[in-house]
Amino acid sequence: MFALRSPLSKGVLLADEVGLGKTIEAALVLSQYWWSRQRNLLLIVPASLRKQWATELMEKFSLPSEILDAKRLKDITASGHPNPIGRAESIVILSYEFAARMASAIRMVPWHLVVFDEAHKLRNVYRAAETSRAAVLRDALAGRHKLLLTATPLQNNLMELFGLISVIDDTYFGSEQAFRAEFGGREEVASQALLARRLEPICKRTLRRQVQKAGLINYTNRLAKTFDFTPARLETDLYDLMSAYLQRSDTIALGQNGRHLVTLMLRKILGSSSFAVAQTLDKMVKRLQGKLIIDDKTLDDIDGFAEEAPTPGLQAPTAPPFKYAKPEEIGLAKTVLNVVLPQISKQVSSIKDLEDPKIVQRIADAAMAAQKAEDGLLSTVTPEQAKAVAAEVCKQFVQRTIAIPMLTITPEQHVSFGFRRFDVDLKSWNYQPLSRELLIQILRTEERSVISGDAGGETPSRLEDYVVAKLIDVPEIDYDAHADILYDLAGQVVAHFRAKHADDEQVRSILQGHARQIAEALVVQMKRHMWREQTNYRVTQVSAFDQLKPQTFDGSGKDAMRDYRSPPERLSDMKRFIFVGFEKSCYSMAKFDSDPERRMAVILEQDASVQLWMKPGPNQFRIYDEDNAPYQPDFVVETATDKLVIETKRASEMANPLVVRKADAAALWCHIANRANGEGVGDKPWSYLLVPETAVLSNATISGLMASHTRSVDADLLARYVLTEAA
């Protein structure tokens with residue numbers, strides 16, 4: 001509570017090293033608030049830690065908590081509560097992803113305290129897009145007291161520390177430019193001491209060695225044993241040459257801000273193997289060929305430092321040829337690309353506007369202003385140079401980018417659904433009683449502590465309970481809402497087996513031993529008899545084009561690389577490979593989930609009308625279906641006349657309700673994108689193609705697929721959306 005005592009304090013960053021009890025300390029703070037009757041408490045954690053937090057709060061501190069997700073929130077809404085978030089009846093636990101999606105509801109609650117676990121997920125908020133998860137959470141919870149927990153508040157550069165502190169108080173260090181001027185890139189002792197003093201009121205960090213020195217915890221001694229290895233002559237030569245290169249001060253490949261970290265990482269990779277460092281050096285060469293400098297913004301490409309960063313070299317698009325080689329011009333070009341264009345995209349109606357000389361001049365002026373704040377008052381780039389650089393970057397950006405508008409489509413209200421009563425198809429069900437030894441083994445495999453009968457556990461009073469217990473484990477099935485239909489279906493199952501086995505103990509054995517398989521078969525039939533309410537959509541138009549987001553994957557060696565024209569020997573191994581050899585793809589490498597996807601890439605590469613295509617990465621499309629589930633399509637394609645969103649599916653899945661719901665949302669997205677581009681001159685129309693795998697043939701053409709498989713938005717769906725402009 002040291003940083004929360006002052007009424008002027010807005011929060012604290014708790015950054016103790018791993019294992020020193022940050023969870024316990026945070027729970028103590030929550031307890032203080034709870035027992036002080038300040039009970040609007042919010043806990044935002046990674047999805048995998050929600051249950052662990054709930055258990056810790058109850059078992060160790062007797063604090064009630066409630067994990068909210070889309071399903072639970074729907075149930076609470078259905079009960080008639082006006083605002084399901086912020087009831088002050090328990091500590092609310094949300095995942096980062098769901099909290100961002102519920103930002104509008106979160107913003108309405110006067111939270112007494114908000115706790116972020118694994119808060120380093122927010123560290124890049126200072127340079128994130130306004131629609132990013134970190135920025136959305138920061139804005140939604142502005143002005144609330146916050147407790148940030150992370151063992152790694154600083155990973156790549158000091159600006160990450162600035163980002164975390166700005167989540168608590170965006171005025172604490174002033175502007176980003178002021179922080180950079182005061183502390184960025186400086187190593188003077190006085191500057192470091194000043195930063196430490198500024199952090200004292202808002203940041204607390206305890207190291208393991210401090211705890212051990214104080215005698216508070218006696219850690220198990222770690223006994224290090226050194227083994228001597230004599231490197232071969234070639235290995236020694238490689239090390240010496242690498243060291244000499246890293247010590248050169250004139251290498252533009254390493255940059256200046258990130259030089260120390262890059263050097264550290266390259267030495268670490270060098271210690272791994274010569275093959276590993278060879279791949280890294282090759283990627284550096286390719287960056288230099290594209291005139292891209294490794295600096296603090298590209299450090300995420302090395303050794304997977306950022307959890308959302310792409311793997312080194314595997315996702316970075318091939319940089320367009322750049323005419324200017326002076327370092328200051330390259331720096332300005334990066335400012336245009338990374339700083340100015342994301343902002344200008346919200347101010348223009350089409351990517352074609354980037355070819356307008358007036359827009360180019362605005363971009364050049366904004367880039368020079370941002371560069372001046374970065375480099376100081378004495379800029380080495382003239383206005384004429386800045387305009388030439390901006391014009392070249394805009395030209396290449398337009399040519400090498402598929403302009404995907406930033407649209408968000410979400411259901412406007414929470415969806416109600418249920419299941420109709422039906423007769424279970426039991427004709428093929430022939431489960432048999434199991435022997436006691438096998439039954440116990442199955443139950444142990446499923447980690448059930450209660451076995452039955454003479455094994456010492458409790459026996460359910462109703463045979464139907466065995467089936468119902470498995471059914472309610474399914475996320476879509478809520479016991480309270482669907483209890484009647486669940487017991488009706490389970491009763492049909494029990495009656496079926498009683499007709500075959502006179503002894504109820506034999507029936508019990510069947511249900512115990514095969515409950516999971518029985519429940520899975522029932523769920524398949526239940527989904528055929530599901531009903532849902534009509535959903536209205538809200539569509540938010542944010543900007544004319546968005547930055548491309550590539551796939552994220554890791555390369556596991558040369559054996560994982562494969563030419564896209566060559567399918568793997570076993571198609572089931574498709575996901576293991578990284579495919580290369582593309583000429584029209586925005587990125588040099590891609591992964592496919594199925595062979596139809598790979599075959600679609602072949603069609604795209606060989607079709608003369610296709611100009612660019614890509615496999616979109618996470619969050620490229622902000623499309624949510626009626627269940628508020630996100631949808632990312634397989635391909636984005638730009639031809640000479642059209643822009644396409646393409647999804648490939650098995651022929652048997654084309655009528656699947658889930659596939660249809662996502663297709664409806666995607667078709668709506670294309671319609672809205674066309675409406676948003678309606679005022680632009682010469683913009684290509686968007687279409688959504690839902691293509692069965694049987695149509696993905698070697699002689700197929702994009703025009704033929706468009707003619708047969710374009711999915712138009714239906715009139716009913718079209719009447720159910722509201723278009724809003726981003727503020």
Side-chain angles (χ1 to χ4, degrees), residues 11 13 15 44-46 95-97 99-101 103 114 116-142 146 148-180 183-185 195 199 202-203 255 257-258 260-262 265 292-312 315-316 334-335 337-343 345-346 370 373-374 406 542-543 546-550 552 617-620 622:
L13 171 62
I44 300 178
V45 305
S95 68
Y96 276 89
E97 294 78 8
R101 284 165 54 187
V114 180
F116 289 93
D117 192 18
E118 304 294 336
H120 51 267
K121 292 177 177 291
L122 307 173
R123 67 183 184 276
N124 289 323
V125 65
Y126 70 95
R127 60 181 174 92
E130 291 301 315
T131 54
S132 69
R133 183 178 63 195
V136 168
L137 291 176
R138 176 200 60 197
D139 297 342
L141 295 167
K146 303 181 188 74
L148 274 58
L149 310 178
T150 177
T152 53
L154 182 63
Q155 296 188 17
N156 295 340
N157 61 76
L158 279 177
M159 293 309 300
E160 295 174 350
L161 191 58
F162 170 83
L164 288 175
I165 298 300
S166 70
V167 173
I168 300 173
D169 184 353
D170 58 1
T171 64
Y172 192 81
F173 281 119
S175 67
E176 177 185 345
Q177 292 76 15
F179 184 86
R180 287 184 185 275
F183 306 110
L195 178 60
L199 287 172
I202 200 169
C203 178
N257 294 337
H260 295 302
L261 185 56
V262 174
M265 293 311 307
L292 291 176
I293 301 174
I294 296 180
D295 62 3
D296 58 319
K297 284 186 174 63
T298 54
L299 283 175
D300 286 349
D301 282 352
I302 298 182
D303 205 40
F305 262 86
E307 61 204 53
E308 298 178 357
T311 305
Q315 295 83 10
K334 293 180 64 180
T335 300
L337 190 62
N338 298 325
V339 178
V340 182
L341 285 184
Q343 295 301 318
S345 68
K346 303 174 184 178
E374 179 83 17
M406 189 184 297
V542 180
S543 63
D546 195 6
Q547 291 181 316
L548 297 187
K549 298 176 176 63
T552 55
N619 298 319
Q620 181 72 76
R622 297 166 179 83

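Here the straight-line distance linking atom NE2 of His120 with atom CD of Glu160 works out to 10.5 Å at 0.5 Å rounding. Annotation: the span from Gln620 atom CD to Met406 atom CE amounts to 9.0 Å, rounded to 0.5 Å. Taken to the nearest 0.5 Å, the CG atom of Leu164 stands 9.0 Å off from the SG atom of Cys203. Atom CD1 of Ile44 is separated from atom CG of Leu149 by 11.5 Å, given to the nearest 0.5 angstrom. The distance from the CG atom of Leu199 to the CZ atom of Phe173 is 4.5 Å, given to the nearest 0.5 Å. Between the CG atom in Leu341 and the CG atom in Asp546 there is a gap of 12.0 Å [rounded to 0.5 Å].
Residue Ala119 comes nearest to Thr150 through the heavy atom pair N-CB, 4.0 Å, listed as atom of the first residue, atom of the second, then distance. Listed here is the closest heavy atom pair of Lys121 and Ala134: O-CB, 4.5 Å. Nearest approach of Ala103 to Val136, heavy atoms of both residues: CB-CG1, 3.4 Å. Of all heavy-atom pairs between Ala15 and Pro153, the closest is CB-CG, 3.7 Å. Of all the heavy atoms in Thr335 and Ala370, the pair that sits closest is CG2-CB, 3.8 Å. The two residues Glu118 and Tyr96 come nearest to each other via the heavy atoms O-OH, 3.4 Å.
Shown here are the ring pair (Phe, Tyr, Trp, His ring centres under 6.0 Å) partners of Phe116, two or more places apart in sequence or in another chain: there are none.
Under a 3.5 Å cut-off, the side chain of Lys146 and the backbone N or O of Leu141 do form a donor-acceptor pair.
Applying side chain to side chain contact (heavy atoms under 4.5 Å, CB included) to Leu13 and the options Val167, Ile202, Ile168 leaves one that passes, Ile168.
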